[in-house]
Structures are given as structure tokens and as C-alpha cells.
Amino acid sequence: MKKRSMMFLGIVLMLMVILSACGSSEETSGDTATNKEEEEKKTLRVVTDAAYAPMEYQDKGNVVGFDIDFVKAVAEEAGYELEIEHVGWDPIFVEIESKRADLAVSSITINDDRKQTYDFSVPYFQSTNKILVPDGSDIKSAEDLKGKKVAVQNGTTGQAAMDALLGKNHEDIKKFDDNNLAIMEMESGGAAAVVADNVVVEEYAKNNADKNLTVIEDETFDSEFYGLLFPKGSELVEEFNTALNAVIDNGKYEEIYQEWFGSEPNIDILKE
Ligand code: ARG
């Protein structure tokens, strides 16, 4: 008798569980589409080389910088959450080519060579290589770099510029995994100059006034544009381009630019 009533209770309980499960699933599917989208915003994996202040760098364990604020604004506009990870420069290209990451932001110059393997967004930032030297150096132009040791970050357009000037694999070109190591090499006397993106060397010279550094511009260095990097054929490119243009047009880009550089961006040049 006791056994039977226990079994009955068991069946009733099971039925209750099944019914309540049905009920709740009906409830969620009855939710408005917008609520659902908000709850299920897709998270994208973003990779970067956070050793390129003020564009991307680490501050108390966080990845911060102009690029980071910018990509977050674009993702928000496009309706995505981001998980941003510092992986280093060379690994960026491995992660994107293998599609383990959805996109990369890292002051990456758009060029034909990279376009063969990757897709880029539309341009979002203008840049050029410049030369960082100690004050009083006899280097006054790119031409003066001949016969000197020059430190660059491996696989960057700075390296490509030195390959073009001094010859590919020339022993005077010292290549480093990250740009901070290239700067350290010059500071310890192992190189006479560093060649890297203008905002980065300018910011470094300004923030390290005690180190007495000078930045040299040379018009033989190309004008470059940064883009977001995607795996070839990624469906995100179009969505991100639309969002990127919206962020430029709605003033958000200018706001972020002002915050990091204290001046107005030249937006027209991005649209040419
Ligand atoms: N703009 C240069 C290039 O694309 C250098 C970028 C380096 N970026 C970095 N986060 N270290 O080659």
C-alpha cells in the first residue's frame, strides 16, 4: 500500500516537472524578438598585439587604447559583444587565417600582400612610418639610415620599409617580436633608430621626455591606412563596414579620437 502511493506521488511529480518545462519553453518562444536578440548577442573573439601604445596596450591587466575603444564602438553598433585578447603580432595572422578568431584590431595596415590572405574593413585611420632617434643623432632622414643598425617590429610595414631601403634580410635590420623590444634595443645602444608607425613613436617620445628622443618624418615613407582584419570570406566584413561608417558619421569616432589624441580627426581622408 505504502509502496503504491509512493509510486503515484512519483508519477505526479514527474508529470508536474514535464508540464512546467513545456510551459516555460512556450514562454520564452513567446518573448519579443528584440528581447531575445539582446539576450543572445553573439560574442566575437578579437585578437590584438597590445604592445603598441596608444593604439593597443596593457594597463593593469586590461587591453586598452584607441583601437580598443574604436572596435568596441563598432561592435556595439553592429550588435555584437567582444572578447578581446592579446596574442602578440605574428599570432594575430595565424589566429585569423585559421578562423580561430573572428577579427583583429592592431593598427594593421591595409596592403595588397595581406589582402591575398585576409579581408579588411574599410580604412579607419591614416598612418605613416617615422624614425625614432636619440636627440642629437646624425640621422636626419631615411637616407641617413644606410650604414646604421635599425630596429623594427618583425613583419610590419616598418620592416618592409627598411627591406626596401637597405635590402631584404640586410644584417643592419634588427627585427623584434614586439615594438617595445625594438625601442629597448635602441635605448640600450644596439640600434641607432627605430622605424614604426607615427602615432606610436610620437607618443613614446612625448611620454618619455626624460629620454630625449626625436621623431623624424620622411616623405619617402608611404601613407598607409589601418583596417580591421578578418578571415578571408568572413560574413562580418559587410556588417562591420556599415557599423564602422555609422560610428564615423554619428560623431562617436571623433569623440574617441579626441579622447586619445586631443585633436580632431581628418575624416575626409578616410572616405577618399
Ligand atoms: N601598421 C603597421 C603594420 O600593419 C604596424 C602595426 C603594428 N601593430 C601592433 N599592434 N604592433 O604593419
Side-chain angles (χ1 to χ4, degrees), residues 45-59 62-72 82 84-97 101 103-132 142 150-165 168 173-186 191 193-205 207 215 217-218 220-230 256-257 260-261 265 269-270:
R45 179 161 184 260
V46 183
V47 288
T48 188
D49 172 30
Y52 218 55
M55 301 306 281
E56 44 268 329
Y57 60 102
Q58 302 197 62
D59 185 30
N62 294 319
V63 179
V64 298
F66 171 87
D67 271 352
I68 307 305
D69 286 349
F70 168 70
V71 78
K72 282 181 181 166
L82 299 181
I84 302 173
E85 196 185 326
H86 162 64
V87 297
W89 179 249
D90 290 336
I92 287 176
F93 297 91
V94 179
E95 294 292 302
I96 297 294
E97 194 178 354
L103 69 145
V105 67
S106 211
S107 309
I108 306 170
T109 299
I110 304 170
N111 63 30
D112 289 341
D113 194 30
R114 291 173 182 161
K115 273 194 204 162
Q116 293 183 8
T117 318
Y118 310 93
D119 279 347
F120 278 101
S121 68
V122 291
Y124 70 88
F125 200 92
Q126 192 195 21
S127 171
T128 186
N129 276 290
K130 286 195 181 176
I131 308 164
L132 182 68
V150 186
V152 294
Q153 184 177 15
N154 190 40
T156 59
T157 56
Q159 187 207 319
M162 288 307 98
D163 285 349
L165 187 77
K168 216 172 158 66
I173 307 172
K174 292 189 153 185
K175 301 167 198 164
F176 297 87
D177 280 346
D178 90 42
N179 196 60
N180 294 334
L181 294 175
I183 294 176
M184 279 166 64
E185 182 71 6
M186 182 188 74
V194 171
V195 175
D197 291 358
N198 61 325
V199 276
V200 173
V201 290
E202 276 157 3
E203 180 82 2
Y204 189 83
N207 290 342
V215 174
E217 193 175 341
D218 190 299
T220 60
F221 293 143
D222 293 337
S223 162
E224 305 179 6
F225 289 94
Y226 298 162
L228 301 173
L229 187 82
F230 296 88
I256 298 169
Y257 193 99
W260 285 98
F261 303 109
I269 204 156
L270 299 176

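Here, residue 1 is the first one in the sequence, and each next residue gets the next number. Start at 1 and go down the list; that is how both ligands and their atoms are numbered.
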Numbered atoms and elements of ligand 1 in range of [X], under 4.0 angstrom, heavy atoms:
| X | result |
| --- | --- |
| Glu56 | 10 (N) |
| Tyr226 | 1 (N) |
| Ile108 | 4 (O) |

Checklist entry - Is the closest side-chain heavy-atom distance between Phe125 and Phe66 below 4.5 Å? => result yes

Checklist entry - Tell me, do Ser121 and Phe230 make a side-chain contact under 4.5 Å, heavy atoms counted? => result yes

For ligand 1, is there an N or O atom under 3.5 Å from any N or O atom of [X]?
| X | result |
| --- | --- |
| Tyr52 | no |
| Asp49 | yes |
| Gln153 | yes |
| Ser107 | yes |

Item to check | Close approach of Arg114 to ligand 1, heavy atoms, under 4.0 angstrom | outcome: yes

Checklist entry - Can Asn179 be said to touch ligand 1, with heavy atoms closer than 4.0 Å? => result no

Checklist entry - In terms of ring plane angle, is the pair Tyr57 and Trp260 parallel, tilted or perpendicular, where the classes change at 30° and 60°? => result perpendicular

Next on the checklist: Over 60° means perpendicular and under 30° means parallel, so tell me whether Tyr257 and Phe261 are parallel, tilted or perpendicular.
Outcome noted: tilted

Checklist entry - How close does the nearest protein non-hydrogen atom get to atom 8 (N) of ligand 1, and which residue and atom is it? => result Ser106 O, 2.9 Å

Checklist outcome for this item: Partner of Tyr118 under side chain to side chain contact (heavy atoms under 4.5 Å, CB included), picked from Leu103, Leu229, Ile92, is Leu229

Checklist entry - Any idea which part of Thr109 is under 4.0 Å from ligand 1, heavy-atom wise: side chain, backbone, both or neither? => result both

Item to check | Pair Gln159-Asn154, side-chain contact (heavy atoms from CB on, under 4.5 Å): steps then yes or no | outcome: CA-CA 6 Å; Gln159 187 207 319; Asn154 190 40; 3.2 Å; yes

Checklist entry - Is a donor on one side and an acceptor on the other found under 3.5 Å between the side chain of His86 and the backbone of Asp49? => result no

Checklist entry - Where do Ile131 and Val150 land on the side-chain contact (heavy atoms from CB on, under 4.5 Å) test, with the steps shown first? => result CA-CA 9 Å; Ile131 308 164; Val150 186; over 6 Å; no

